[in-house]
2 protein chains.
Amino acid sequence: MATIREVADIAGVSVATVSRTLQQPERVSPKTRARVTSAIEQTGYKPNLMAVKFRSGKTHSLVVLVPTIANLFFARVINGMQEAAAERGYSLLLGNTQGNPDLEADYVKMVQTSQADGVIQLRAHNPFSAMQSSSGGLLPMVNVCEVVDSASFPTVTLDNHNAAKSMTEHLLELGHTRIGLIKGPNSSPLTQERLRGYQHALANADIPFDESILFDGDFTLRSGFDAARRMLEQPNRPTALFCENDETAIGAMQALKQAGLKIPEDISVAGFDDIAFSGYADPPLTTIAQPAEEFGHTAVSLLVDVLNGKIKKAPRVIMPHELIVRNSTGPAPGTNA
Amino acid sequence: MATIREVADIAGVSVATVSRTLQQPERVSPKTRARVTSAIEQTGYKPNLMAVKFRSGKTHSLVVLVPTIANLFFARVINGMQEAAAERGYSLLLGNTQGNPDLEADYVKMVQTSQADGVIQLRAHNPFSAMQSSSGGLLPMVNVCEVVDSASFPTVTLDNHNAAKSMTEHLLELGHTRIGLIKGPNSSPLTQERLRGYQHALANADIPFDESILFDGDFTLRSGFDAARRMLEQPNRPTALFCENDETAIGAMQALKQAGLKIPEDISVAGFDDIAFSGYADPPLTTIAQPAEEFGHTAVSLLVDVLNGKIKKAPRVIMPHELIVRNSTGPAPGTNA
DNA sequence: ATGAAAGCGCTAACAT
DNA sequence: ATGTTAGCGCTTTCAT
């Protein structure tokens, strides 16, 4: 592979001129520029970007910490990140962390070892927390989707409380008074917020909160299926089931249908996220849509601003959501609506 | 951030000794090793990996070219890659290419600019083809899942022909004689192979091939839905529908059920891939399971071997598949099986 | 067992 | 407008 020196020799100029021709062409005369360009073509020269990054101290790479890549919502967010990163001349390094703090710490080391400029964390956990706490300034990271509050980095999230409240109100309006909830992992703040939004709507409607119709889940199809089965074993079953994500809802619907229940005639089911499969579920799933790609754009944009020192105080960005009513929710049995 | 020089100064040794302590500890005496180690801890020194990579000429990064990250099958393959890469001290750079050759070429430049050591391509296209054709030796790449035959790189794939043939035979055994097929993108060799496997099984059963029950699709939910609708508009509809992937099958089932058909009583539906949703579809989908994670392992392992010069001739690896019979396929209407 | 010194390929002052 | 030169932080002969 040709180096900058060979190009310089062939063009009969110094390496500095070659470098300039590449970095700031306007600073070299058209004549020499042409000579250099032709020498570059002739040799098939490609700058060694490892040397460039090393020398310049900027890698133009961002590490993305994602609990699991096999999640359609995250996939959309990451797609958005990639678009925004490419526009800004950055590339993305994906780290599948399974939510493991040790793995996250490993990836964060990439920043400390100058392999990446910053990190985007998709989970509610500060991966820098194990290290030296930042003395004052902003950390080179942003936290998206599932966030933890901190003055050290920007966050981009949904108003999960209000979104869950809207969905619960939708169910309430349909006449449901006994609404079950399949939660996400208890460790996730997102789960807590959605739970509180649900409780809030219930309280507004003067419906007592019944802990016995709260079910544990972990955002997977299987956990939704299992939770619904547990629900069916109970007496006095709910007439509506709010699931904290779509995968859970789709798993739950399967269990409900297997038990001979009709959706939404016998029981309504609602999800959260609006993944592609939800529109093709049977019946199509009522859910909350989030601007996934926008989450990605915003995260990258903020991180780049942080890296360039354009941001001093860490902003808290709230993205909009939308209630999507499809056929999995309907009037409560016995209601004539 | 501390450099190797500071550590050397504090430990009272040369930079070479610090480097050795890190690279080949056995070559430095226990006493100095202890001093160096303590100096490293004291300064919180982390080697600048950009400098290491630059100096050593090895990046220990692999670019993965994936048409779309929002595909559950690919997600599993990538998970497998990540495991195998981590074991070998490599990290993965994901490139979402939308199957765009220009974007692919951009990512391939990362190899040429020393930002990555090799590439794993998940699509049937040689991303190096635009560049100088390799003069003889192996290219630093492996081609997985959807492959193009070439002597320049290893490939890892399924026996798509036989897998499709098995599925068609399964349908034939259930008494179906009119079996529709929803294809993948025509540009994909994978589509062609599956089509030929289907034709092969039909021919073996002396059933004439009817082009009018072949439908175009592109592996998305929506395309499956649309294709099934087109099928329903035709006279003499098939009693079974083989879809070249699970997303398409799930989309198709939705259209079929909306039209009032019972699956599998009125029509059988089969897919390909065995994504998680297939087990939770209504009815659960009969499909072909592929060892997705294993594809990833094998790909990384082969690529690392190529990079280390351990492989001279490009192997063609065929991964095993398995027919998973669930409830979306059943006896042809009118059969008593 | 350890140190001195020469670069890897490039950028960025500083000179001319 | 162009060239000279001094490194970036590290690895790696080659001496000692």
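Chain A is the first sequence line, chain B the second, and so forth, proteins listed ahead of strands; every chain is numbered from 1. In this text, all values refer to a predicted model and were calculated from it rather than measured experimentally. All heavy atoms count here, side chains included; hydrogens, waters and symmetry mates do not.
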Pairs meeting criterion salt bridge (charged side-chain N to carboxylate O under 4.0 Å, His left out) with involvement of residues 298-310 of chain A, two or more places apart = none

Degree of bending, the helix from C/dA1-D/dT16 to C/dT16-D/dA1 (end axes from five pairs; round to 10°) =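 That helix gives 40° between its end axes.
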
remark   = Contacted region of DNA chain D by chain B, from 5' end to 3' end of the hits, cut-off under 4.0 Å to heavy atoms, spans D/dG9 to D/dT13

key: Qualifying residues under salt bridge (Lys or Arg N to Asp or Glu O under 4.0 Å), relative to A/E293, sequence neighbours excluded   = A/R76

request  = Kindly write out the residues that satisfy salt bridge (Lys or Arg N to Asp or Glu O under 4.0 Å) with A/D9, not counting sequence neighbours, or none if the list is empty.
outcome  =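 Residues passing salt bridge (Lys or Arg N to Asp or Glu O under 4.0 Å) with A/D9: none at all.
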
task = Could you check if a side-chain atom of A/Q115 sits within less than 4.5 angstrom of a side-chain atom of B/S61, using non-hydrogen atoms only?
result =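 A side-chain contact under 4.5 Å is absent here.
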
message = Quick check: do B/M141 and B/V108 have side-chain heavy atoms less than 4.5 Å from each other?
response =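 No, side chains not in contact.
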
inquiry  = Please enumerate all residues that pass side-chain hydrogen bond (donor to acceptor under 3.5 Å, both in side chains) together with B/E146, with sequence neighbours excluded.
reply    = none

remark   = Across all chains, not counting sequence neighbours, the side-chain hydrogen bond (donor to acceptor under 3.5 Å, both in side chains) partners of B/N71 are none

message = Can you list, in residue-number order, the parts of residues 5-26 of chain B that come under 4.0 Å of DNA chain C, counting heavy atoms only?
response =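 Listed by number, they are B/G12, B/V13, B/S14, B/A16, B/T17, B/R20.
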
ask   = Considering heavy-atom distances to DNA chain D, does A/R55 or B/K46 have its closest nucleotide positioned more toward the 5' end?
value = A/R55

remark   = Only residue of B/Q98, B/Q121, B/K109 satisfying side-chain hydrogen bond (donor to acceptor under 3.5 Å, both in side chains) with B/E104 is B/Q121

Can you tell me if [X] uses its side chain to pair, donor with acceptor, with the backbone of [Y] under 3.5 Å?
| X | Y | result |
| --- | --- | --- |
| A/S19 | A/V15 | no |
| B/T157 | B/C145 | yes |
| A/N143 | A/F153 | no |

query = Do you know which two heavy atoms are closest between A/I69 and B/A75, and how far apart they sit?
reply =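 Closest heavy-atom pair between A/I69 and B/A75: CG2-O, 3.8 Å.
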
Residue-level proximity of residues 31-41 of chain B to DNA chain D when a heavy atom falls under 4.0 Å =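 Listed by number, there are none.
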
ask   = From the 5' end of DNA chain C to its 3' end, which nucleotides mark the outer limits of contact with chain B, defined by a 4.0 Å heavy-atom distance cut-off (strictly under)?
value = C/dA1 to C/dG9

task = Enter the distance from A/M319:CE to A/L158:CG here, rounded to the nearest 0.5 Å.
result =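 CG of A/L158 is found 8.5 Å from CE of A/M319.
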
Do any side-chain atoms of residues 295-304 of chain B form donor-acceptor pairs under 3.5 angstrom with protein atoms, and if so which ones, sequence neighbours left out?
{"unit_1": "B/H297", "atom_1": "ND1", "unit_2": "B/E294", "atom_2": "OE2", "d": "3.3"}
{"unit_1": "B/H297", "atom_1": "NE2", "unit_2": "B/E83", "atom_2": "OE1", "d": "3.1"}
{"unit_1": "B/T298", "atom_1": "OG1", "unit_2": "B/E294", "atom_2": "O", "d": "2.7"}

request  = Any ring pair (Phe, Tyr, Trp, His ring centres under 6.0 Å) involving residues 43-73 of chain A? Give me the pairs, sequence neighbours left out, ordered by first then second residue.
outcome  =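 Counting only pairs at least two positions apart or across chains, the ring pair (Phe, Tyr, Trp, His ring centres under 6.0 Å) contacts touching residues 43-73 of chain A are A/F54-B/F54, A/H60-A/Y90.
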
